[in-house]
Amino acid sequence: MSDHPPPAPLVALVVGPHEAYAAGPGLRESWPLAEVASRVARMIGSIHPRWVVWSAENALRGVVAAGVDVPRSWDLAEAHRLLHGGWRATPGDVWAGCRGLRVDDVPVPRRGRQAGFDGDLFDLAERSVDELLTESGHLRADALEGWATGSERLGRLADLALTCQREQEGSLRARGGDGAERLIRTVWSESAAAVLCLELERDGLPVDRLAAEDLISAAAGPRPRDDADAARIRAQRDHAVLRHAPGRERADLRNPAQVRTLLQSVGVDVPHTRAWVLEPYRPTHALVDALLTWRKNERVATTYGYRWLDEHVGADDRLRGRWTACDGAAGRMTAQNGLHNLPAPLRPAIRAEPGYVFVRADLGQVEPRVLAVVSGDRAFAEATRSDDLYAPVAAKLGIERSVAKVAVLAAMYGQRSGAAGEALKDLERAYPVAMDLLDRAYADGVARRSLRTYGGRLIPFGIEPVPADPPRADGAGVPGSEPSGIRPDVDRGGSDAARGRFARNAIIQGSAAELFKAWAATVRHAVRPLGGQIVLCLHDELLVHVPQARAGEAQRAVQDALGRASHTWAGTDVVRFVADASVITRWSEAKD
DNA sequence: GATTTCACGTA
DNA sequence: CGTACGTGAAATCC
């Protein structure tokens with residue numbers, strides 16, 4: 001492969017409260033805050049650097065806010081999460097990770113301590129105000145905040161960032177083989193995802209406010225004029241249920257215990273009142289039917305109602321929330337303010353701006369395809385050649401497609417009982433390598449052994465792999481030996497079986513999240529020249545907002561991006577990934 | 001006031 | 001057909 005451009009120069013960017021600092025090859029500059037965005041943009045145009053940042057939040061939020069496209073970064077926080085697992089990734093955590101210091105001892109900012117407790121006593125332990133490192137070698141808690149003033153100090157923080165980058169890249173390379181490049185690419189795409197999160201927060205998701213008001217009104221009633229009006233509307237909603245229970249009109253539908261008693265009064269005896277338990281009673285009990293309808297409406301009224309609209313949809317009709325590039329467990333993206341769990345009935349309200357459309361694209365059967373990559377199962381990979389993976393599996397096993405699907409899902413997600421039982425045995429004979437990967441992940445979870453996703457993310461369980469960890473025959477995971485000092489000390493409670501299921505799920509879900517982010521990062525670059533932007537990421541689905549005239553190009557770009565991202569991520573084209581991409585105006589359209 | 005439980009939305 | 005996460009209301013703990 002000789003088509004790679006020369007590696008981008010690494011330039012550290014540190015943004016302090018009063019000024020910023022950039023340090024790279026032949027470069028040491030202190031910048032006024034007001035000039036950071038323009039200088040970054042200019043440097044991207046000239047030397048195309050990869051920006052080394054303590055976090056995208058620290059160094060790039062202002063740059064992104066100014067509308068600058070930051071194509072390449074090395075996010076020390078995201079790399080730290082990848083290397084060491086978990087979610088905490090302050091500069092102090094990153095430094096501790098690089099130095100093999102215990103994360104338990106990382107200094108915590110004073111405001112993080114118990115409210116009302118005077119922390120000054122403890123801060124004396126940090127001795128001198130000039131020292132960047134504490135006596136125990138940790139980065140001081142306020143290194144990037146109060147302490148980071150003056151070009152001398154910022155320069156030291158920039159140098160430290162470059163040191164951490166070298167250290168992180170070094171430990172990735174130390175794992176050796178073709179796995180190393182893969183881990184480094186994971187850092188690249190995770191870093192890009194962190195920048196994408198800033199863009200998602202900046203731009204928001206376009207909402208048709210009037211449509212949203214209509215949909216909310218249909219579920220929750222008209223917008224209340226005052227508290228008394230709100231109480232009246234609420235009582236009206238409640239009455240639609242309570243009129244089916246004469247004599248018990250005082251019952252509180254928002255209190256599960258009272259609901260259970262209420263249901264008992266009409267002869268429905270259930271251990272709890274969750275929807276799936278009540279669903280069977282729906283046709284025979286009008287009260288249950290009314291209650292379940294009430295629950296849907298109540299969800300909209302409380303969580304996605306007028307308050308939600310007023311607080312999270314801006315004057316520019318964009319829904320905004322905080323985004324994170326990786327969650328605590330397996331590394332999926334997360335979003336707040338309903339961006340990730342907007343009820344389907346409200347989706348018609350997500351509408352492209354006039355003159356724009358959405359390209360909506362979602363990965364098909366992504367988790368079994370990821371399993372084929374992670375396990376290296378040649379036979380299972382063969383099945384991914386098909387648009388519908390379950391069809392060739394069914395053919396190979398000589399069973400119905402529906403049975404094959406249930407069996408594959410059962411193997412991946414845990415249930416080993418029921419109708420899938422017989423087909424599962426066939427599955428293990430047909431795809432022993434893939435099934436073995438799942439079994440070993442389960443066993444790792446039971447034994448509290450940490451594991452790694454395909455892209456190298458540590459899923460910590462407390463017990464790190466010992467240096468003499470046996471190599472995996474399939475090449476998956478490449479478990480590394482963690483410096484013993486920084487053990488994240490994660491205690492995932494629950495039963496053996498619960499930990500086993502968690503581990504089995506995490507290695508698949510987490511690996512799928514990496515492929516998704518690699519895809520998203522590629523799409524982000526590909527649609528920008530078309531005036532397009534990613535406005536929503538939903539685990540296996542992308543929503544791209546693009547001028548109508550460029551819709552076809554964007555649609556093709558999204559497909560091409562998947563081909564390139566999956567080839568690079570998986571290191572092969574043997575496993576095929578597929579996406580369904582359609583051009584729509586409202587999110588509710590083209591929902592398969 | 002902070003934490004836990006219940007419930008349910010998305011993938 | 002499991003797992004993950006975010007949200008809100010009520011109960012519970014301190």
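Residue numbers start from 1 in every chain, and the chains themselves are labelled A, B, ... in the order their sequence lines are given, proteins ahead of strands.
- Residue A:Ala506 is out of contact with every strand shown, counting any heavy-atom pair closer than 4.0 Å.
- Backbone-only engagement by A:Gln336 is indicated by non-hydrogen atom pairs under 4.0 Å involving sugar-phosphate atoms exclusively.
- In this structure, A:Arg282 pairs ionically with A:Glu279, as a charged nitrogen and a carboxylate oxygen lie closer than 4.0 Å.
- The pair A:Asp317-A:Arg209 meets the salt-bridge criterion, since a charged nitrogen lies less than 4.0 angstrom from a carboxylate oxygen.
- Summarising the geometry, the separation between OH on A:Tyr304 and P on C:dG6 is reported as 12 Å, rounded to the nearest angstrom.
- Contacts of A:Leu342 with the nucleic acid, taken as non-hydrogen atoms under 4.0 Å apart, involve only primed sugar atoms and P, OP1 or OP2.
- Summarising the geometry, atom CG belonging to A:Asp444 is positioned 12.5 Å from atom CZ belonging to A:Phe502; distances are rounded to the nearest 0.5 Å.
- In this model, the phosphate group of B:dC8 is not approached by any side-chain N or O of A:Arg299 to a distance below 4.0 Å at OP1 or OP2.
- Rounded to whole Å, the distance from CZ on A:Arg295 to P on C:dA9 is 14 Å.
- Taking only side-chain nitrogens and oxygens, A:Lys296 comes nearer than 4.0 Å to OP1 or OP2 of B:dG9.
- When heavy atoms are screened at a 4.0 angstrom cut-off, A:Arg260 is found touching no nucleic acid atom at all.
- With respect to A:Arg61 and A:Glu201, a salt bridge is recorded, a charged nitrogen being found less than 4.0 Å from a carboxylate O.
- When the nucleotides C:dA10, B:dC8, B:dA11 are ranked by their closest atom to the side chain of A:His539, B:dA11 comes out on top.
- Between the base of B:dA11 and the side chain of A:Arg332 there is a donor-acceptor pair shorter than 3.5 Å.
- Taking only side-chain nitrogens and oxygens, A:Thr303 never comes nearer than 4.0 Å to OP1 or OP2 of C:dG8.
- At a threshold of 4.0 angstrom between heavy atoms, the contacts of A:Ala330 with the nucleic acid are absent.
- Side-chain contact between A:Tyr281 and A:Leu287 is absent, with no heavy atoms from C-beta onward closer than 4.5 Å.
- One atom, CG of A:Leu542, and another, P of B:dA11, lie 14 Å apart when rounded to the nearest Å.
- Of the candidates C:dC5, C:dC1, B:dC6, C:dC5 carries the atom nearest the A:Asp327 side chain, counting heavy atoms from C-beta on.
- Listed nucleotides: C:dC1, C:dA11, C:dA9. Nearest to the side chain of A:Asn255: C:dA11.
- When each of B:dT10, C:dT3, B:dA7 is scored by its nearest atom to the side-chain atoms of A:Phe502, the top-ranked nucleotide is C:dT3.
- Neither OP1 nor OP2 of C:dC5 sits under 4.0 Å from any side-chain N or O of A:Asn341.
- Here the side chain of A:Asn505 is nearest to one of B:dT10, B:dC8, C:dT3, namely C:dT3.
- Within the structure, every side-chain polar atom (N or O) of A:Arg274 is placed at least 4.0 Å from both OP1 and OP2 of B:dC8.
- Looking at the side chain of A:Ala344, the nearest of the listed nucleotides C:dG6, C:dA4, B:dT10 is B:dT10.
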